[in-house]
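Note that the numbering runs from 1 along the sequence shown for the chain.
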Amino acid sequence: MDFSDIKSIVVLTGAGISKESGLDTFRGEGGLWQGVRVEEVASPQAFNSNPELVHSFYNIRKEKLLNDAVKPNAAHQALRRLEQEWGDGFLLVTQNVDDLHERAGSEKLVHMHGEILKGRCTACQAVMSWTGDMNAQSQCPNCNAVGTMRVNVVWFGEMPMGMDKIYTALENCDLFISVGTSGNVYPAAGFVQVVSARNGAQSVELNLEPSLNAAQFTGGYYGPATEVVPEFIDKVLAQRR
């Protein structure tokens, strides 16, 4: 593939890039958590009916993320290098709610599914850093309301964040890179179609194995993210004029 004329890049990352850092995928084994389907702890309805269960689910995930053993891996670092060396015309979009891209130094970043280390008040809509546990008695630091705090992630049935910015970048990019995604979660799974509609734009999948929509990409490289992502980025940067 020829990347010598590429001006604008959009990168999409999914759970596959964080798995090698020691983080489980969202659904985990069989899509269950303590015998409960993930949808039952990741929706506004679940939060309204059993907030303590929902808080517990996210508190445990935050604890795992903040474990000293969890660090950005070579794939995260490679994407930061691409951003640094590319300059303008770069956007990193992640479906992940962890902060591993930030820890690696990424700055041109959109968390379309929110951030687990932030909280949001359902009363005043203020968003703030919240790395500790949260429960049904947590008080909002902004408006002082009690019992209105929730994790700042996108639940089932809610609209992903930053979509206007994302679609603008997709509609104008020359290269779309998808890293560690399954191809079955929308709207992210449809991003490759947006790029394909742009004449001459290229799309590349970097994944452990072909995703459900692999055939829609113009190219694919398969293997562990810590191997294929740095190798591919080396290739893109080497061809840059």
Next item on the list: Could you tell me whether a side-chain N or O of N213 sits under 3.5 Å from a main-chain N or O of A189, the two making a donor and an acceptor?
Entry: yes
Margin query: If you count every heavy atom of other residues, nucleotides or ligands that lies below 6.0 Å from K108 atom NZ, does the total exceed 12?
Written below: yes
Next item on the list: Carefully, step by step, assess W130 and M149 under the rule side chain to side chain contact (heavy atoms under 4.5 Å, CB included).
Entry: CA-CA 10 Å; W130 199 297; M149 293 302 304; 3.6 Å; yes
Item checked: Ring geometry between F176 and F191 (parallel below 30°, tilted from 30 to 60°, perpendicular above 60°) -> perpendicular
Next item on the list: Determine, step by step, whether K235 and D2 satisfy the salt bridge (charged side-chain N to carboxylate O under 4.0 Å, His left out) criterion, reporting the C-alpha distance in whole Å, the side-chain angles of both residues, the deciding distance to 0.1 Å, and the verdict.
Entry: CA-CA 9 Å; K235 186 189 303 287; D2 182 8; over 6 Å; no
Margin query: Quick check against the 3.5 Å criterion: does R240 have a side-chain atom that pairs as donor or acceptor with the backbone of D5?
Written below: no
Check: Would a distance-only check, ignoring hydrogens and angles, find a side-chain to backbone donor-acceptor pair under 3.5 Å from T94 to N96?
Finding: yes
Notebook entry, point to check: Run the salt bridge (charged side-chain N to carboxylate O under 4.0 Å, His left out) check on R61 and D98 step by step: do they pass?
Noted result: CA-CA 9 Å; R61 295 190 71 209; D98 62 59; over 6 Å; no
Check: Which of parallel (below 30°), tilted (30 to 60°) and perpendicular (above 60°) describes H76 and H101?
Finding: perpendicular
Checklist line | Q125 side-chain N/O to T122 backbone N/O, donor-acceptor pair under 3.5 Å | finding: yes
Check: Where do V97 and H111 land on the side chain to side chain contact (heavy atoms under 4.5 Å, CB included) test, with the steps shown first?
Finding: CA-CA 7 Å; V97 297; H111 277 275; 5.6 Å; no
Item checked: Same apolar cluster: I17 and V204, side chain cutoff 4.5 Å -> yes
Notebook entry, point to check: Taking all non-hydrogen atoms of both residues, which atom of R80 and which atom of G105 are closest, and how far apart?
Noted result: NE-O, 2.8 Å
Next item on the list: Decide yes or no for W86 and L237: does some side-chain heavy atom of the first lie under 4.5 Å from some side-chain heavy atom of the second?
Entry: yes
Notebook entry, point to check: Roughly how far, to the nearest 0.5 Å, is CD of E227 from CG of L206?
Noted result: 12.5 Å
Notebook entry, point to check: With a 3.5 Å cut-off and no angle check, do the side chains of T181 and S178 form a donor-acceptor pair?
Noted result: yes
Notebook entry, point to check: Side-chain contact, heavy-atom cut-off 4.5 Å: D133 with H55?
Noted result: no
Margin query: Counting the benzene-type ring for Trp, do F3 and F232 have ring centres under 6.0 Å apart?
Written below: yes
Next item on the list: Treat each ILVMFWY residue as a node, draw an edge where side-chain heavy atoms are under 4.5 Å apart, and state whether V41 and F47 are in one component.
Entry: yes
Next item on the list: Measure from the side-chain N and O atoms of S196 to the backbone N and O of V192, and report whether any donor-acceptor pair falls under 3.5 Å.
Entry: yes
Item checked: Donor-acceptor pair, side chain of K64 and main chain of L23, under 3.5 angstrom -> no
Next item on the list: Would you confirm whether S106, through its side chain, and E102, through its main-chain N or O, come within 3.5 Å as a donor-acceptor pair?
Entry: no
Note to self: Do I6 and V236 have side chains that approach each other closer than 4.5 Å (heavy atoms only, starting at C-beta)?
What the structure shows: no
Notebook entry, point to check: Just by modelled atom types, is the H113 backbone N or O under 3.5 Å from a matching donor or acceptor in the Q95 side chain?
Noted result: no
Notebook entry, point to check: Under 6.0 Å from the CG atom of D164, do we count more than 12 heavy atoms belonging to anything else shown?
Noted result: no
Note to self: Test: salt bridge (Lys or Arg N to Asp or Glu O under 4.0 Å). Region: residues 142-152. Which pairs qualify, not counting sequence neighbours?
What the structure shows: R150-E158
Check: Rounded to the nearest 0.5 Å, what separation is found between the CG atom of N50 and the CZ atom of F57?
Finding: 13.5 Å
Next item on the list: For P72 and R103, work out which heavy atoms get closest and say how close.
Entry: CG-CB, 3.5 Å
Note to self: Would the distance check show the side chain of S18 and the main-chain N or O of A15 forming a donor-acceptor pair, the cut-off being under 3.5 Å?
What the structure shows: no
Check: Are side-chain heavy atoms of Y222 and E205 found at a separation under 4.5 Å?
Finding: yes
Notebook entry, point to check: What is the minimum heavy-atom distance between T131 and L66, and which atoms define it?
Noted result: O-CD1, 3.5 Å
Check: Do S49 side-chain atoms and Q45 backbone N/O form a donor-acceptor pair below 3.5 Å?
Finding: yes
Checklist line | Within-4.5 Å side-chain heavy-atom neighbours: V11 and T13 | finding: yes
Next item on the list: Quick one: do I177 and I9 satisfy side chain to side chain contact (heavy atoms under 4.5 Å, CB included)? Show the steps, please.
Entry: CA-CA 8 Å; I177 307 169; I9 297 176; 4.0 Å; yes
Notebook entry, point to check: So, do L79 and V229 sit near enough that their side-chain heavy atoms are less than 4.5 Å apart?
Noted result: yes
Notebook entry, point to check: Distance from M112 atom CE to K165 atom NZ, nearest 0.5 Å?
Noted result: 14.0 Å
Margin query: Looking at every heavy atom in both P230 and A225, which two are closest together, and how far apart are they?
Written below: CD-O, 3.4 Å
Notebook entry, point to check: Is there a chain of hydrophobic side chains (I, L, V, M, F, W, Y, each step under 4.5 Å between heavy atoms) that links V179 to M1?
Noted result: yes
Note to self: Can you list everything that forms a side-chain hydrogen bond (donor to acceptor under 3.5 Å, both in side chains) with Q137? Sequence neighbours excluded, please.
What the structure shows: none
Notebook entry, point to check: Between V110 and V194, is there a shared hydrophobic cluster once you connect ILVMFWY residues whose side-chain heavy atoms come closer than 4.5 Å?
Noted result: yes
Notebook entry, point to check: With a 4.5 Å heavy-atom cut-off, do C173 and R198 have their side chains touching?
Noted result: no
Next item on the list: Would you kindly say whether N73 and T226 are connected by a side-chain donor-acceptor distance under 3.5 Å?
Entry: no
Check: So, do Y58 and V153 sit near enough that their side-chain heavy atoms are less than 4.5 Å apart?
Finding: yes
Next item on the list: Return the minimal non-hydrogen interatomic distance between T218 and S203, and the atom names on each side.
Entry: OG1-O, 2.6 Å
Check: Out of curiosity, R120 CZ to N152 CG, how far, rounded to the nearest 0.5 Å?
Finding: 5.0 Å
Next item on the list: Using side-chain hydrogen bond (donor to acceptor under 3.5 Å, both in side chains) as the criterion, list what pairs up with N59, not counting sequence neighbours.
Entry: none
Notebook entry, point to check: Just wondering, are more than 12 heavy atoms of other shown residues or ligands nearer than 6.0 Å to CG in D88?
Noted result: no
Check: What are the two closest heavy atoms between A145 and A123, and how far apart are they?
Finding: CB-CB, 4.3 Å
Item checked: Hphob cluster co-occupancy, I166 + F90, side-chain heavy atoms under 4.5 angstrom -> no
Notebook entry, point to check: Measuring from L12:CG to L170:CG, what's the distance to the nearest 0.5 Å?
Noted result: 8.5 Å
Margin query: Using 0.5 Å steps for rounding, measure from the SG atom of C124 to the CG atom of N142.
Written below: 4.0 Å
